[in-house]
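Notes to accompany the following structure.
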Amino acid sequence: MKNDSVIDDPAPLQTSYRPSSFVDRESEREQINQIQENQLRNLFLHGPRGTGKTHLLLDHIEKLPSSINTCYIPCRRCSTQYQALKQIYQSVTGENPGDGHHTAKLQREIQDRTTDVETLIVLDDVDFLLSNDGDSLLYKLSRTNPENLSIVIISSQTTDLSQRLEERTYSSLQPSRIGFEPYSAGETYQVLGKRARDSLKPETLHRNALTYIASTTQNISKGLTWLKTSAKNTEDRITEESVRQTQRQAYQDYVSQQLRYFTQHHRLLHQAIEELEEEHGTPINTGKIYDRYQELCKSESVSNRRLSDFLKDLELLDLVEAKYHYGGRKGKTREIKSSSF
DNA sequence: GGTCCACAGGAAGCCTTGGAGT
DNA sequence: ACTCCAAGGCTTCCTGTGGACC
């Protein structure tokens, strides 16, 4: 790898970096403010990955008065009821409860500690929680100190929450819904351009390079990763040609970043899919993928049943696309195709 | 009409972990 | 130190699926 000579400040190219202003998200920001001002408790934000849902909400939280207690739960890391409750408990009390307690005990503690304090709980990437026992947790939270506790649910997979939750849970939550439209290529260009100006040295990025990235992906996280990978591999000027050359490596960087909190089995599973696609093209059936995973894993492999759940995780991360067949000539299977830039 | 395909995904149970009670 | 209990990770078992083919 070459040195970072075109990068002046690496921070603005990080996906976690929050810029001072947002491109074309004023109406969503306004909606969030209005809902909170009108004392409506719960909120459901949905839209594709990389459209700024999390960033906008974290920005909103930062501006809330310090009297309001906020708990941010990244559900891809806290995907079980216990893990999510543990995180909430930690935010509310400042203490780590450890493991081995009953969920009911943690719940009671949380209820006691939030009785007199306005509290906002954010469940980001809620689909990971819902694929476990999330419904039950949401139901319990929705009945915990309803006067003081608000819940914000963020999803990039679910557009209609009422279809994913039990009726009693949805009716208890009654969330106000805000949809985030995907960015256009022009808006993506603006967002990435601003980050590049804040990060790169002057005149080190060619306009065509940015146009190429923005026309290929409208997912801001992917675009930023691509820009960063290109910058790291360029000595003087990022051009369309250099961006094209780093496309593959940038995607690998993006995958590693997305899978960093998951198991080695998730990574091997993804590797198996990529290898099979390269050898045989797309789509690939799950049976072939499981066989290749076994070969890659050699020992200590998990069962196909477990792997089926891990494949679902890759779907939730938008790293693969799956077409479901519930019978028919192909049998009951999923046809898998990996997504890319 | 019966059989086959190629798993999906639910249910039950096992094992490990860690806190609480005795 | 020992036992009990709950949660989560995981495996095993099993049923269901619907169009193609005989």
Side-chain angles (χ1 to χ4, degrees), chain A residues 73-90 92-113 123 125-141 144 157-158 163-166 169 259-270 272-273 276-277 280-317 319-338:
Chain A
I73 320 293
C75 296
R76 68 167 76 173
R77 272 189 278 164
C78 306
S79 61
T80 66
Q81 194 174 171
Y82 190 88
Q83 287 165 354
L85 281 170
K86 189 175 159 184
Q87 188 81 17
I88 296 170
Y89 181 94
Q90 231 166 331
V92 168
T93 66
E95 300 158 21
N96 184 345
D99 297 323
H101 301 286
H102 299 182
T103 50
K105 186 192 168 203
L106 288 186
Q107 248 174 271
R108 270 198 306 277
E109 287 281 345
I110 291 166
Q111 178 147 20
D112 291 347
R113 303 285 191 115
L123 295 162
D125 258 330
V126 77
D127 299 275
F128 287 95
L129 190 63
L130 293 179
S131 58
N132 294 320
D133 197 18
D135 191 286
S136 155
L137 176 69
L138 279 175
Y139 180 71
K140 289 172 193 161
L141 286 177
T144 304
Q157 303 289 329
T158 305
Q163 297 293 311
R164 283 297 306 269
L165 300 179
E166 280 182 36
T169 309
L259 289 177
R260 68 188 182 283
Y261 297 115
F262 289 84
T263 67
Q264 181 63 15
H265 301 290
H266 285 84
R267 287 184 271 277
L268 287 173
L269 183 58
H270 190 266
I273 294 166
L276 287 169
E277 275 193 347
H280 309 292
T282 55
I284 323 150
N285 282 6
T286 37
K288 299 263 184 308
I289 295 171
Y290 296 162
D291 290 346
R292 177 59 62 94
Y293 158 81
Q294 299 278 356
E295 287 170 27
L296 288 173
C297 207
K298 294 188 181 94
S299 61
E300 308 256 326
S301 61
V302 296
S303 66
N304 286 358
R305 177 67 190 83
R306 187 79 183 124
L307 214 57
S308 173
D309 288 339
F310 289 171
L311 190 56
K312 188 86 201 167
D313 289 336
L314 298 189
E315 277 182 59
L316 291 180
L317 289 169
L319 294 180
V320 301
E321 292 166 29
K323 188 176 173 192
Y324 284 71
H325 295 274
Y326 291 99
R329 199 165 55 81
K330 295 171 195 291
K332 194 174 185 181
T333 186
R334 275 179 277 185
E335 283 185 337
I336 302 295
K337 186 170 162 276
S338 76

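In what follows, chains carry the letters A, B, and so on, assigned in the order in which the sequence lines appear, proteins first and then strands, with residues in each chain numbered from 1. As the structure is a prediction and not an experimental result, all values here were calculated from the model.
- Using a 4.0 Å heavy-atom criterion, one finds that A/S131 contacts no nucleic acid atom at all.
- Donor-acceptor pairing under 3.5 Å is recorded for the side chains of A/E277 and A/S338.
- Rounded to whole Å, the distance from CG on A/D135 to P on B/dG10 is 13 Å.
- For C/dC10, one of the phosphate oxygens OP1 or OP2 lies less than 4.0 angstrom from a side-chain nitrogen or oxygen of A/R306.
- Distance, A/K330 NZ to C/dA20 C1': 12 Å, rounded to whole Å.
- Rounded to an integer number of Å, the gap from NE2 of A/H102 to P of B/dG18 is 16 Å.
- Side-chain atoms of A/Y82 lie closest to C/dA7 of the nucleotides C/dT11, B/dG9, C/dA7.
- Panel note: side chain A/Q157, backbone A/L316; a donor-acceptor pair is recorded below 3.5 Å.
- Applying the 3.5 Å distance criterion, the base of B/dA8 shares a donor-acceptor pair with the side chain of A/K332.
- Nucleic acid contact class of A/K105 (heavy atoms, under 4.0 Å, all strands): sugar-phosphate only.
- Residue A/G100 is the one, among A/S79 and A/G100, whose nearest nucleotide of DNA chain C lies closer to the 5' end (criterion: closest heavy atom).
- Separating the CG atom of A/D99 from the P atom of B/dT17 is a distance of 12 Å, rounded to the nearest angstrom.
- Distance from the side chain of A/H101 is smallest to B/dG19 among B/dG19, C/dC10, C/dA6.
- Note on A/Y326: a side-chain N or O is less than 4.0 Å away from OP1 or OP2 of B/dG9.
- Remark: C1' of B/dA20 and CZ of A/R108 are 13 Å apart, rounded to the nearest angstrom.
- Between A/Q83 and C/dG9 there is a side-chain polar atom (N or O) within less than 4.0 angstrom of OP1 or OP2.
- When each of C/dC5, B/dC7, B/dG9 is scored by its nearest atom to the side-chain atoms of A/R305, the top-ranked nucleotide is B/dG9.
- Across the protein-nucleic acid pair, A/Y290 atom OH and C/dT11 atom P stand 12 Å apart, rounded to whole Å.
- At a threshold of 4.5 Å between non-hydrogen side-chain atoms, the residues A/I88 and A/L106 do not count as touching.
- The closest side-chain heavy-atom distance from A/I273 to A/K337 is not below 4.5 Å.
- Applying the 4.0 Å criterion to OP1 and OP2 of C/dT11, one finds that A/S303 has a side-chain N or O inside that range.
- If you take CZ of A/R334 and P of B/dC5, they are 21 Å apart, rounded to a whole angstrom.
- Contact annotation: A/T80 does not reach the phosphate of C/dG9 (side-chain N/O to OP1 or OP2, under 4.0 Å).
- For the pair A/D313 CG and B/dG9 P, the computed distance is 13 Å after rounding to whole Å.
- The residues A/R77 and A/D125 are annotated as not salt-bridged, no charged nitrogen and carboxylate oxygen being separated by less than 4.0 angstrom.
- Which of C/dG8, C/dA20, B/dC7 sits closest to the side chain of A/Q81 comes down to C/dG8.
- Classification of the A/H265-A/F310 ring pair by plane angle, with boundaries at 30° and 60°, yields parallel.
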